[in-house]
Every structure is written in structure tokens, then in C-alpha cells.
J.: 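Got a structure for you, questions after.
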Amino acid sequence: MPQPSSLKAGYNFAYLDEQTKRMIRRAILKAVAIPGYQVPFGSREMPLPYGWGTGGIQVTAGIIGPDDTLKVIDQGADDTTNAVSIRRFFANTAGVATTEQTEDATIIQTRHRIPETPLQAGQILVYQVPIPEPLRWLEPRETETRKMHALQEYGIMYVRLYEDISRYGHISTAYDYPVMVNGRYLMRPSPIPKFDNPKMDRNPALQLFGAGREKRIYAVPPYTSVKSLDFKDYPFQVQKWDDCCTLCGADDSFLDEIITDDAGGRMFVCSDSDYCAKRRDAGHSGPNPGEAATKKIGEAGDAA
Amino acid sequence: MYVAVKGGEKAIENSLDLVAEERRGDRDVPELTIEQIKSQMALAVDRVMTEGSIYDRDLAALAIKQAQGDIIEAVFLLRAYRTTLPRFGYSAPIDTAQMGIQRRISATYKDLPGGQILGPTYDYTHRLLDFDLTEENRNGPAAARTAPEAVNDGEIPHVTDLLNHEGLIQQEPETDEDAPIADLTRQPLAFPAGRDLRLQNLARGDEGFLLALGYSTQRGYGNNHPFVGEIRMGEVSVEIEPEELGFPIEIGEITVTECELVNQFAGTADSPPQFTRGYGLSFGKAERKAIAMGLVDRALRCRELGEEPTAPAQDEEFVLYHTDNVEASGFLQHLKLPHYVDFQSELELIRKLRAEYMARRQAAAE
Ligand SMILES: [Zn+2]
């Protein structure tokens, strides 16, 4: 059976050759120097498919050293299949220590979440980015969007948000919610829920974003201002739940909804599996941790 | 319960085992060999080499075997391997006028210097399933009437060169031989793209996508009245010129298919009416790909020729960003990855919007 461990022989540390890593590090340095600006880079074909984290993997491969401790999450959890697959890739090609503990990791590669546990200075959060361009749904041409960034011409995005409000009474973007970085560049935070957006602002950790297929790297240096777009009379708000985590009782974390039967039963659990486990270890428990709490849709107040 | 929702190490291992099992199939049937694929699935090998952008029949055959015949998956395997290879140097341009010709046809001249050579082609096969092939015949069909022999009588001129004598075809712009050549495997695409970058992109591009785009130009979406000036297929030698030597040395031979299209062009205020060119080149015998590439190349030259771009095939960003099937396949299939968090965010929003909508309706009814 094809074991990925065979990969290790004949390949460089962390898979990429040193020239490629140098090219990636140069792009990262430029990205850090111009927060929120998308730096084109010579993205390589990786042995994992485009769209499955190749940008994040290349960034991680560019910065990782033998002494690093790596954590990989997808949807907030360490045990989702693609997170497992990427962690195995680095364990096999770089032989680095891996962890599920947010505070023990020096590098955290993530898809779609920022950990609930606050990050520390010295840590690096690497985001996997599918589409780096925040204006892409509004303008499909790269030649145009590059001009718009150069001229800081972001009116089109505000118009979109305004149209949402006039049509629905709310801004109808629930994830990948656009942010302004350092008061200059409009940036796409990758498809994290807007719940996570406030965590990006003045975060002590370095935040790096890698888009492999689109061949762009961008960054938010530590302690940089990251502001979610909004209007004075429609301030930015994050999602809230009426429920708490069934397992650990947390009411401050992002909750995944789990369907428990075919009659509308559901329960909520922390999307951040490490955060949830830590709370349970510390003695916290939810309303019904032993068995799935079931609740019929409609019983919960639907207005959040 | 909850953890079961998420996958894990064990699930991945089981999945890898299942793939290996399915790949091997019925163990009473002999296993496919790389040699068999190379010699009997040669056109699949050609396509995988072309889109995988590496000329290596053994590796392409291995990729096809490993991918259970899934051509795009095989291209991906080859590309992922290719990026790990060091670059020792760059070859001199291949000279297709010196090709050892296996096939050479022109749709514009009945006869021409070098002649027409039909060679191996499906063109005149009747597409009737040949049930004789269901039985293995160790002796094979009767030996070919005449073993195909590559024709190499020295230089065989290109049709476009013949037209050039009369000044009837657009001259290719002079290029500086020492100018760097774009390489999208090292630098990301940038626009406007030069023709070197466009041709590299198209050569690696998905045959199906280029086929459809080329076809669209024939149906009026950017029509440019193409003629197949010439298709030639055969062996060309590849030379490199190591700096320490100062003269070129041959490092091997590759089989390529080259297509030169001759297209109508009315001319502009600045240039007289003349024919224009579209160019396609593929590894091996990938003629359909080479023609499609030529059509799209010509369509993308609209700006250079002062034509108003109106059709998808003339739209440089649209075409060049979407030719790569490894990129497209990966991104399309990433939809299979969990999106619990995004979906949860949408659920929360849609419930909120619905609750407000219901409240408004109720208020209106009262
Ligand atoms: Zn929890």
C-alpha cells in the first residue's frame, strides 16, 4: 500500500528545494512590509491538489525549521481529514514535532478558523486561502482589481454592503468578511466566519496567508490594525448563539451544529476541538455532555 | 457520536488501501505493465506528457497506471513530480523543418515541396467497433504493408514559409534571441501576457477546454477563418548548448505534432490584407490538441492585429487563467472538503433573515 512515509526519501526538508523556499520567504518579507498587499509568487505544483491548502503548505514549508512545533486545523479541528493529511505531510517530509495544543505550537496552519485560545507573540498563523482577491466577485479581472488596489478604490465594496442592507436589512456576508488592513489595503481574511474577524485585529502573532492556485501571499504583521468594513449606523457584528457547547458549556466559542436525528434534533459543539477538550479537562461541562442534547429546530429563538 | 462526524488517520489509511485494491482489480487478470501502457495506450501517454509538461514516456505510463487511467489525475501526478526536478539548462529551439516526418498534411495545397504523407491517423477509420480486438491475438494483425519509415530528406519547408515568399502572410515580429523567455512555472501569470507566455500556457492547457474554445471560434465567437496550412508529426532532435562548450550538442529525440494555421485577415489602415498565423505544438501524437491550440493562439492575437476582442477565446485573462486542468480540478474538487464553519455561518444568517421576514409578514397581516 502506498505509504506517504516513502515520500521522505529523496526529498528536501519540508519537500520544497531551498531556492523555492528562498523565493517564498522573499515574498513573505514583502508581504509583511506591505500589510494586506497581495504579493505574486512562483507557486509550485505540490503533491496535494490545488484548493486543498497548497498555498498554506508552501508558506509553512518556507518558514518551518527542525525546531518548530506544528499544529494543523481545518474547520477548527485537528482531526478533520485534510488537517490530518497536511500534518502527516509535514511529519513525513520535515520530521517536525506536531501538536494539537494551540499554545504549544510555533506554527499553526489553518483552514476556515482562528483558534479560540488567544495567540501569543512569536507564534505564526498560516491561513489557507482559496481566492485572495476581496474584489473578485465584484470584478473578475485581475488587471482591474490590481488597479483598484493601487488607487485604493474600494467604493464598489461599500456599495455592495449597502445594497445588502437595503435589501435584507443586514450585511449578508457571514464568512470571508472583508477587512481593511493598516488603513490601506482591502483584504480577504480567507473563509473564516466573521465571528473570527475581531481576533485578527492587533493580534500579537504574525498572520500569513497563502493562495497556491492563485499564486499570492499576503500578511498581517503582529499588532497591525485589521478593521471589518461597516457603516456608522450599521456597525460590524459577529454571530451569537442562543445555545452553548453541549460538551463543554462554552458560550463564547464558534459552535458547529450537529444534526442528531431526522426529526429536527440538533446539538451544538465547539468547532475548536482543542479549546473544547481543554475546557472539559478543566472540569467544565455542557448541559448534557453524556448524550446528544436534542432540540427541535424552531424551539430555539431564531433571531440570533 | 460527535467525533465520528470528523474523519481521521484511520479513515485515510483505509481509503488508501481501498484505492490500491481497486487499482489492482481482479487478481486473476494479469497486472498491466508499464511497457503495455507505453506501447498500447500511446496516445494517452502523449496527452499526459503534453499536459504534464514533461517528455518521459515511462513516467507518463506509470502515472496512467497509478491513476487507473484517469488522465487528469495522471497529469497531476506528473506535474507534482516535475516540480521537484532540478533544471540543468535550457534547450535550443527545436527545428521542425528538420523533422523526421511520420505524417505531414496540408489542407491548403494539393501538393507541395516535401509532399503529403498521411501516416498513422484515425481520420479515415470507420468508427465501427472492431470485435476482433476483443480477443487477444498474439500475432497481431498482418504486418503493416510497408513499415512506416520516417522521411527525412533534409529540410522540408513550412507552408507558412512558402506563403512568406510572396509576402502573403504576416511576418512574425523580430524577437531578440537573448531576451528571457517567460516561464509560468517559475513566475505567476501577469497581464498583458506576451505570446511566449500564452503559448506555454496553451501547450500545458487542458485539451478539452482548448477544444471547446477553438470550436467556439469556428461557430462565430471570434471567427478568424482558419485553414490548416500544415500539420506535421515526427521526431525532432533536442539540443542544448552548454556554456563551457560553446556549441550545441544533441541530447535526444522527441516526437512532436506541430500545427500551423493560416487565417484570413482583412488588414487594417496600417497593414495590407494578408494571412495571419496561429500555432500549436504538442508532445507525441496529439493532433487535436495542436489544432485547438492554434485556433486559440490566433484568437488571442486579436489585440496585436488590431481586432476588437469580443469573444471568450479572445479574452486573454479568461482563457489563460482557466486552461490548467490541475488547478481547475483541484479547486473544483475542494468543494468536497468540509465547509461546516461557512455553512454554519450561512445557516445562522438565513434563520435570522427568515425570522425577520416572518415577523414583517405577521405585522403586515395584523
Ligand atoms: Zn465545547
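Scope of the values below: all heavy atoms of this structure, side chains included, with no hydrogens, waters or symmetry mates. Below, read A as the first sequence line, B as the second, and so on, with proteins coming before strands; counting in each chain starts at 1. Note that this is a predicted model, so its numbers are computed, not measured.
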J.: Drop me the distance from B:D342's CG to A:I192's CD1, to the nearest 0.5 angstrom.
T.: 10.0 Å
J.: Around atom CG of B:L18, are there more than 12 heavy atoms from other residues, nucleotides or ligands closer than 6.0 Å?
T.: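 More than 12 heavy atoms, drawn from other residues, nucleotides or ligands, come within 6.0 Å of this atom.
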J.: Would you indicate whether B:Y55, at its atom OH, is surrounded by more than 12 heavy atoms from other residues, nucleotides or ligands within a distance under 6.0 Å?
T.: yes
J.: Is B:T84 close to chain A through its backbone or its side chain, or both, or neither, when contacts mean heavy atoms under 4.5 Å?
T.: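 Contact with chain A is through the side chain of B:T84 alone.
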J.: Are the charged groups of B:R79 and A:E45 less than 4.0 angstrom apart, N to O?
T.: yes
J.: Taking all heavy atoms of A:Y175 and all of B:S345, pick out the closest pair and write down the distance.
T.: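 For A:Y175 and B:S345, the tightest heavy-atom pair comes out as CD2-CB, 4.3 Å.
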J.: Report yes if the side chains of A:R216 and B:P188 come closer than 4.5 Å at any heavy-atom pair, otherwise no.
T.: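 The answer is yes, as the side chains (C-beta and beyond) meet within the 4.5 Å cut-off.
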J.: Picking from A:P191, A:G169, A:P40, which has the most non-hydrogen pairs under 4.5 angstrom with chain B?
T.: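 Option with the greatest count: A:P191.
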J.: Who among B:D315, B:L335, B:L184 has the most heavy-atom pairs with chain A under 4.5 Å?
T.: B:D315
J.: Heavy-atom count check: over 12 atoms from other residues, nucleotides or ligands less than 6.0 Å from A:F13 CZ?
T.: yes
J.: Would you say the side chain of A:Y168 lies within less than 4.5 Å of the side chain of B:L349, judging by non-hydrogen atoms?
T.: no
J.: Taking C-beta and beyond as the side chain, do A:T81 and B:I12 meet within less than 4.5 Å on heavy atoms?
T.: yes
J.: Under a 4.5 Å heavy-atom cutoff, which of A:E142, A:Q239, A:M23, A:R111 has the most pairs with chain B?
T.: A:R111
J.: What are the two closest non-hydrogen atoms of A:T80 and B:Y340, and how far apart are they?
T.: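 Where A:T80 meets B:Y340 most closely, the heavy atoms are CG2-CE1, 4.2 Å.
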J.: Taking side chain as C-beta onward, heavy atoms only, is B:F331 less than 4.5 Å from A:I131?
T.: yes
J.: State whether B:E317 and A:R146 are salt-bridged, where the test is any N-O pair (Lys NZ or Arg NE/NH1/NH2 against Asp/Glu carboxylate O) under 4.0 Å.
T.: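 Salt bridge absent between B:E317 and A:R146.
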J.: Quick check on B:I181: does its CD1 atom have over 12 non-hydrogen neighbours (other residues, nucleotides or ligands) under 6.0 Å away?
T.: no
J.: Taking atom CD as the centre, does B:Q68 end up with more than 12 heavy-atom neighbours from other residues, nucleotides or ligands that are less than 6.0 angstrom away?
T.: yes
J.: For A:R113, is it the side chain, the backbone, both or neither that has a heavy atom under 4.5 Å from a heavy atom of chain B?
T.: side chain
J.: In the structure I gave you, are the side-chain heavy atoms of A:Y15 and B:T83 within less than 4.5 Å of one another anywhere?
T.: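 Yes, side chains in contact.
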J.: Measure A:F41 against the heavy atoms of chain B and call it side chain, backbone, both or neither at under 4.5 Å.
T.: backbone
J.: What part of A:F254 gets closer than 4.5 Å to chain B, counting heavy atoms only: side chain, backbone, both or neither?
T.: side chain
J.: Of the backbone (N, CA, C, O) and the side chain (C-beta and beyond), which part of A:L16 lies under 4.5 Å from a heavy atom of chain B, both, or neither?
T.: neither
J.: Going by an N to O cut-off under 4.0 Å, is there a salt bridge joining A:K240 and B:E348?
T.: no
J.: So which of B:H339, B:Q66, B:R354 has the biggest tally of heavy-atom pairs under 4.5 Å with chain A?
T.: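 Most heavy-atom pairs within the cutoff with chain A belong to B:H339.
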J.: Report yes if some heavy atom in the side chain of B:Q344 is under 4.5 Å from a heavy atom in the side chain of A:W241; otherwise report no.
T.: yes
J.: For A:R167, look at atom CZ and say whether over 12 heavy atoms of other residues, nucleotides or ligands are found less than 6.0 Å away.
T.: no
J.: For a 4.5 angstrom cut-off between non-hydrogen side-chain atoms, does B:P338 reach A:H112?
T.: no
J.: Considering only NZ, NE, NH1 and NH2 on the basic side and carboxylate oxygens on the acidic side, decide whether A:R87 and B:E9 come within less than 4.0 Å.
T.: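 So A:R87 does not pair with B:E9 through a salt bridge.
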J.: Which one of B:K336, B:Q333, B:R82 has the most heavy-atom pairs closer than 4.5 Å to chain A?
T.: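 If we count pairs closer than 4.5 Å to chain A, B:Q333 comes out on top.
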J.: Tell me, for A:T20 versus chain B, whether the close heavy atoms (under 4.5 Å) come from the side chain, the backbone, both or neither.
T.: neither
J.: I'd like to know which of B:D324, B:V326, B:V19, B:L189 tops the heavy-atom pair count under 4.5 Å against chain A.
T.: B:V326
J.: Salt-bridge test for A:R141 and B:E316: reply yes if a basic N is under 4.0 Å from a carboxylate O, no otherwise.
T.: no
J.: Over all heavy atoms of both residues, which pair between B:V341 and A:S271 is shortest? Give the atoms and the distance, please.
T.: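 Where B:V341 meets A:S271 most closely, the heavy atoms are CG2-OG, 4.0 Å.
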J.: How long is the span from the NE2 atom in B:H334 to the CH2 atom in A:W52, to the nearest 0.5 Å?
T.: 9.0 Å
J.: Are B:R186 and A:R44 packed together at the side-chain level, in the sense that at least one heavy-atom pair is separated by less than 4.5 angstrom?
T.: yes
J.: Find the one option among B:P192, B:G330, B:A328 whose heavy-atom pairs under 4.5 Å with chain A are most numerous.
T.: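 Of B:P192, B:G330, B:A328, B:G330 has the most heavy-atom pairs under 4.5 Å with chain A.
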J.: For residues 355-366 of chain B, tabulate all N or O donor-acceptor pairs below 3.5 Å that involve a side-chain atom, not counting sequence neighbours.
T.:
{"residue": "B:E356", "atom": "OE1", "partner": "A:H170", "partner atom": "NE2", "Å": "2.7"}
{"residue": "B:E356", "atom": "OE2", "partner": "A:H170", "partner atom": "NE2", "Å": "2.6"}

J.: Please classify the contact between A:S172 and chain B as side chain, backbone, both or neither, with a heavy-atom cut-off of under 4.5 Å.
T.: both
